[in-house]
Colleague: 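Quick one: the structure is below, and I'll ask about it shortly.
Heavy atoms only: backbone and side chains are in, while hydrogens, waters and symmetry mates are out. A note on names: the letters A, B, ... follow the listed sequences, proteins ahead of strands, and every chain is numbered from 1. Because the structure is a prediction, the values reported are computed rather than measured.
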Amino acid sequence: MADSAEEVRKHLKLYGMIGATLIIFTCVTVIVGLVPIFDLGAPGVTPVDIVIGLLIATFKSSLVILIFMHMNHERILIYKFMLFTVVFVLGMFALTLLAESDPIEWSGFNDSSLFNGEGKR
Amino acid sequence: MEIPYTVKARPDTGLWNAKIGIWLFLASEVMLFGGLFSGYIFLRIGADYPWPIQELDWRLGMLNTIILIASSVTVVFAWASLKMRQWAKFKLYMWITLLCAGGFMCVKAVEYSSKFSHYYLLLKDGSVVTGHHMNSDLVLSDVSSVTLDVSADPDLGVFHHPPHHGHGEADDEHQWVPPTFTSPSGTEIELDHAFVKNHHDLLKKAEADAFAVTLKSAKPFELSVPRDDVKVINEDHVVLRDGTTIHGHLHSNSYSLGIDLVDLTRVVDSNSAAILPYLDEKTKADVLHEISEREEYEKEWIGERSYEELDLNTQVAIRKVYLADLHEGGHSSEHPQVTVPAEEIRFASNFGPKKNTYYSIYFTLTGLHGLHVIGGAIVLAYFLFTGRKMYEEDPEHLANRVEVGGLFWHFVDLIWIFLFPLLYLL
């Protein structure tokens, strides 16, 4: 536990390096988002881009959580809190995505005659 | 009585009080933002219009990301300085953190204000133009009389902001000369906001049982009225929200805009888009030429498919033309003026929360995040400005409080790490 002054001093360089890493990966995220290197011929933002972008964001956030927020050497009770939270957040996202595959449709929406392409109406 | 375990850890959990408290609070914050993120996913999957991709300025977003990451590093250093009992360094790093927070909010203010001054017109066939300096005022010519609803609030109405919204006899735009009217009793009066407000009771008495007073103008004049003030539009009179009726000829009922974008994604045939007749010849030719060039460029990907069969990304890639991209160098200062009659318009708005669900979730997410930045900054500022006393009495206690404030700050940074790619890049 980074409790004593000595341990904190030892970690200072690490904090600086993590900060630099975060900034570098921010630039990587921008490149992935803007430059079409992962496209398989398809223009615009494809699902592959979205997955890669979110993976990079997850990696960056894990650096912040583990090192800046000291999660890499926290107490068990805190880990239990976070596990509880993660389960519920994933459950919430799952419910959202499951709602999309809900077969009930309602034809009461205004006309989407302006729209060419996707539309369940 | 001393509260136990504010500095020393509890033997069974190994944690001091505030640490448990802040992690529980962060867990609830995760659920809060998680709910909004799943709202974003829901809106994006279910959108029945082209979801805006890379419409926001990524350079400002990236700047904000770097500012926030830097502030996360400095808040850790501030906590570390306290742990190592280096008071001056603690103050330095805290100041930098607070300045970064201020910088973040300034950039956010720039972003928000640019959206409120950027306008969007959707025509009935699906053509879209966007731009700045929108003027949607109604112009009435030959105004012969005005009927005031004296039962209404005298603060509303066309004569509330005279210099912008109307002019009387003189042509001098800087000098508001109210038009003159004859009152029901025959006296000549100058009608302006002060008159209406001061004579509200008099007007009511003059037409004892009536709810309206009609004032005839001595000489017909021209008036331009902001669209937001208008309730009913007719060829020979308009009715304002406060009940004032202006009798005159409706000279012009249109939206005019200095455009920066022509988007024909939702138009069936780009060559017969409804916006085209309102563009000048050069802009129209440039836009249509650009679209056909893009179709040529994407020929392989498109193959034999018709426009309707293409996926949305490709449709947008072909038909959404930023005028700045048409010119070499990537930036054009030319914003052609376009005026579209109101009958052609299906929807007009600025780029605020009401434009579409993307902008409403954008403002909700970034606005709530911005409030968290302000709140976190207030807490850190409190430690910076009032911490000296606690530092002298019990420095470890202050270090713990700063650690807890820093944990919240890292959480705020975490949210932004996800918001930036989600809203600006993907």
Colleague: Which bit of B:Thr65 is near chain A, if near means a heavy-atom gap under 4.5 Å: side chain, backbone, both or neither?
Modeller: side chain
Colleague: Is it the backbone or the side chain of B:Phe420 that comes under 4.5 Å from a heavy atom of chain A, or both, or neither?
Modeller: side chain
Colleague: Please flag which part of B:Val316 lies under 4.5 Å from any non-hydrogen atom of chain A: side chain, backbone, both or neither.
Modeller: neither
Colleague: What part of B:Ala317 is in contact with chain A, defined as an atom under 4.5 angstrom from a non-hydrogen atom: side chain, backbone, both or neither?
Modeller: side chain
Colleague: Can you tell me which portion of A:Ile76 sits under 4.5 Å from chain B's heavy atoms? Options are side chain, backbone, both or neither.
Modeller: neither
Colleague: What part of B:Leu82 is in contact with chain A, defined as an atom under 4.5 angstrom from a non-hydrogen atom: side chain, backbone, both or neither?
Modeller: neither
Colleague: Just give me the residue among B:Ile69, B:Val30, B:Val73, B:Leu422 that pairs up with chain A most often, heavy atom to heavy atom, under 4.5 Å.
Modeller: B:Ile69
Colleague: Below 6.0 angstrom between ring centroids: does that apply to A:Phe84 and A:Phe88?
Modeller: yes
Colleague: Heavy-atom cut-off 4.5 Å, strictly under: side chain, backbone, both or neither for A:Leu95 against chain B?
Modeller: neither
Colleague: Can a donor-acceptor pair be found, under 3.5 Å and without considering hydrogens, that links the side chain of B:Glu403 to the backbone of B:Trp79?
Modeller: no
Colleague: I'd like to verify something: which residue of A:Leu54, A:Leu22, A:Thr29, A:Thr85 has the highest number of heavy-atom pairs under 4.5 Å with chain B?
Modeller: A:Thr85
Colleague: How long is the straight-line distance from CG of B:Asp413 back to OG of B:Ser71, given to the nearest 0.5 Å?
Modeller: 6.0 Å
Colleague: Between B:Trp23 and B:Phe408, is the ring centroid distance below 6.0 Å?
Modeller: no
Colleague: Tell me, for B:Ile53 versus chain A, whether the close heavy atoms (under 4.5 Å) come from the side chain, the backbone, both or neither.
Modeller: side chain
Colleague: Would you confirm whether the ring centroid of A:His11 sits within less than 6.0 angstrom of the ring centroid of A:Phe68?
Modeller: no
Colleague: Of the listed residues (A:Thr58, A:Ile18, A:Ile56), which shares the most heavy-atom pairs with chain B below a 4.5 Å separation?
Modeller: A:Thr58
Colleague: Go through the atoms of A:Met17 and report whether side chain, backbone, both or neither lie under 4.5 Å from a heavy atom of chain B.
Modeller: neither
Colleague: Identify whether the distance between the nearest side-chain nitrogen and carboxylate oxygen of A:Lys10 and A:Glu6 falls below 4.0 Å.
Modeller: no
Colleague: Looking at the rings of B:Tyr391 and B:His397, which for Trp means the six-membered one, are their centres under 6.0 Å apart?
Modeller: no
Colleague: Looking at B:Ile66, B:Asn313, B:Leu24, which has the largest count of heavy-atom pairs under 4.5 Å with chain A?
Modeller: B:Asn313
Colleague: For B:Ile417, is it the side chain, the backbone, both, or neither that has a heavy atom closer than 4.5 Å to a heavy atom of chain A?
Modeller: both
Colleague: Considering only heavy atoms, which portion of A:Val89 lies under 4.5 Å from any heavy atom of chain B: side chain, backbone, both, or neither?
Modeller: both
Colleague: Looking at B:Lys320 and B:Glu55, is there a salt bridge between them, counting it only when a charged N and a carboxylate O are closer than 4.0 Å?
Modeller: yes
Colleague: Picking from A:Cys27, A:Ser61, A:Gly16, A:Ala99, which has the most non-hydrogen pairs under 4.5 angstrom with chain B?
Modeller: A:Ser61
Colleague: Would you call B:Lys83 and A:Glu7 a salt bridge, taking side-chain N to carboxylate O under 4.0 Å as the test?
Modeller: no
Colleague: Only pairs of heavy atoms separated by less than 4.5 Å count here; which of B:Trp409, B:Phe42, B:Phe411, B:Phe37 has the most with chain A?
Modeller: B:Phe42
Colleague: Return yes if some donor-acceptor pair links the side-chain N/O of B:Glu298 with the main-chain N/O of B:Glu295 below 3.5 Å, else return no.
Modeller: no
Colleague: Which value, rounded to the nearest 0.5 Å, describes the distance between B:Trp301 atom CH2 and B:Leu310 atom CG?
Modeller: 9.5 Å
